[in-house]
Amino acid sequence: QVQLVESGGGLVQPGGSLRLSCAASGSIFRLYAMGWYRQAPGKQRELVAGISSGGSTNYADSVKGRFTISRDNAKNTVYLQMNSLKPEDTAVYYCNANLARVYWGQGTQVTVSA
């Protein structure tokens with residue numbers, strides 16, 4: 001069983017930066033593929049960024065060049081560094097962990113507004 005807790009969300013101005021963290025429980029964190037998803041009201045949940053157990057990354061086209069996903073297996077934590085934030089990045093951001101099963105965190109709200 002994996003439990004995930006997101007943090008780091010908040011209010012930021014357009015063009016600003018935010019760093020999200022996802023802390024995971026468990027002793028096999030290193031084996032999980034980890035991802036960040038987001039969901040705005042009335043919209044589908046979408047993949048923002050993913051990172052494999054081996055460190056390979058992938059990003060939604062809308063965030064390429066602005067967001068960076070990383071993981072620290074020693075700390076059982078995955079991060080999402082978000083730069084050059086736009087109002088359209090406003091959403092609840094969720095962390096997930098995927099191996100044989102998929103686990104989701106509760107989400108952290110990111111609001112980008114002037």
Side-chain angles (χ1 to χ4, degrees):
Q1 275 278 8
V2 174
Q3 290 184 313
L4 306 170
V5 180
E6 301 95 333
S7 62
L11 176 64
V12 65
Q13 295 181 352
S17 297
L18 219 50
R19 191 191 195 200
L20 306 184
S21 298
C22 173
S25 67
S27 60
I28 57 170
F29 173 83
R30 69 188 187 284
L31 301 180
Y32 281 79
M34 303 294 297
W36 285 100
Y37 291 72
R38 67 187 181 188
Q39 187 168 29
K43 296 184 178 180
Q44 297 179 39
R45 184 173 297 189
E46 64 175 346
L47 174 70
V48 176
I51 185 165
S52 73
S53 60
S56 298
T57 60
N58 66 96
Y59 299 91
D61 287 342
S62 59
V63 308
K64 285 181 180 177
R66 300 189 297 121
F67 291 10
T68 302
I69 188 171
S70 62
R71 67 192 297 161
D72 186 338
N73 289 339
K75 296 181 178 179
N76 276 22
T77 302
V78 63
Y79 305 95
L80 185 67
Q81 178 67 47
M82 305 184 292
N83 299 324
S84 302
L85 283 161
K86 305 174 180 179
E88 48 263 49
D89 295 318
T90 296
V92 177
Y93 283 70
Y94 298 91
C95 176
N96 93 340
N98 190 341
L99 188 54
R101 293 176 57 184
V102 179
Y103 300 89
W104 290 95
Q106 300 276 29
T108 184
Q109 177 69 48
V110 171
T111 303
V112 186
S113 176

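Side-chain atoms are counted along with the backbone in the values below, which use heavy atoms only and exclude waters and symmetry mates.
For Asn96, there are no side chain to side chain donor-acceptor pair (under 3.5 Å) partners, not counting sequence neighbours. Scanning for salt bridge (charged side-chain N to carboxylate O under 4.0 Å, His left out) contacts around Lys64 gives Asp61, with sequence neighbours left out. Residues passing the salt bridge (charged side-chain N to carboxylate O under 4.0 Å, His left out) test with Arg45, sequence neighbours excluded: none. By the side chain to side chain donor-acceptor pair (under 3.5 Å) test, Gln3 is found to be paired with no residue, residues two or more places apart in sequence or in another chain being considered. Every residue was checked against the side chain to side chain donor-acceptor pair (under 3.5 Å) condition with Gln106, not counting sequence neighbours, and none meets it.
Note: the hydrophobic cluster containing Tyr93 does not contain Leu11 (ILVMFWY, side chain heavy atoms under 4.5 Å, direct or indirect links). Leu20 and Tyr79 sit in two unconnected hydrophobic clusters of ILVMFWY residues. Membership requires side-chain heavy atoms under 4.5 Å apart, directly or through other members.
Both tests hold for Arg71 against Phe29: distance to the six-membered ring centre under 6.0 Å, angle to the ring axis within 45°.
Counting only residues at least two apart or in different chains, salt bridge (charged side-chain N to carboxylate O under 4.0 Å, His left out) contacts with residues 31-42 comprise Arg38-Glu46, Arg38-Asp89. Residue pairs meeting the salt bridge (charged side-chain N to carboxylate O under 4.0 Å, His left out) criterion with at least one member in residues 94-107: none, sequence neighbours excluded. The side chain to side chain donor-acceptor pair (under 3.5 Å) contacts involving residues 7-36 comprise Ser17-Asn83, where partners must be two or more places apart or lie in separate chains. The disulfide bond (SG atoms under 2.5 Å apart) pairs that include a residue from residues 13-101 are Cys22-Cys95, where partners are two or more places apart or lie in different chains. Residue pairs that meet the disulfide bond (SG atoms under 2.5 Å apart) test with at least one member in residues 29-73, sequence neighbours left out, do not exist here.
The structure places NZ of Lys43 at 8.5 Å from CD of Glu88, a figure rounded to the nearest 0.5 Å. Considering CD1 of Ile28 and CG of Leu99, their distance stands at 6.0 Å, rounded to 0.5 Å. Here CE of Met82 is found 11.0 Å from OG1 of Thr68. Values are rounded to the nearest 0.5 Å.
Hydrophobic cluster of Leu47: the remaining members, joined at side-chain heavy-atom separations below 4.5 Å, are Tyr37, Val92, Tyr94, Val102, Trp104, listed by chain and number.
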>> Evaluate Phe67 against Leu18 for side-chain contact (heavy atoms from CB on, under 4.5 Å), listing each step before the verdict.
In response: CA-CA 10 Å; Phe67 291 10; Leu18 219 50; over 6 Å; no

>> Would Leu80 and Val78 count as a side-chain contact (heavy atoms from CB on, under 4.5 Å) here? Give the steps.
In response: CA-CA 7 Å; Leu80 185 67; Val78 63; over 6 Å; no

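Panel note: side chain Gln109, backbone Gly10; no donor-acceptor pair is recorded below 3.5 Å. With hydrogens and angles disregarded, no donor-acceptor distance shorter than 3.5 Å links the side chain of Asn98 to the backbone of Met34. Counting only distance, with no hydrogens or angles, the side chain of Thr77 and the backbone of Lys75 share a donor-acceptor pair below 3.5 Å.
Using a 4.5 Å cut-off on side-chain heavy atoms (C-beta onward), Pro87 and Ser113 make no contact.
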Acceptor/donor pairs from residues 48-57 side chains to any protein atom, 3.5 angstrom cut, sequence neighbours excluded:
unit_1 : atom_1 : unit_2 : atom_2 : d
Ser52  : OG     : Gly54  : N      : 3.2
Ser52  : OG     : Gly55  : N      : 3.2
Ser52  : OG     : Ser56  : N      : 3.0

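In this structure, Gln44 places its CD atom where only 12 or fewer heavy-atom neighbours from other residues, nucleotides or ligands lie under 6.0 Å away.
Closest approach of Gly26 and Asn76 over heavy atoms only: O-ND2, 2.7 Å.
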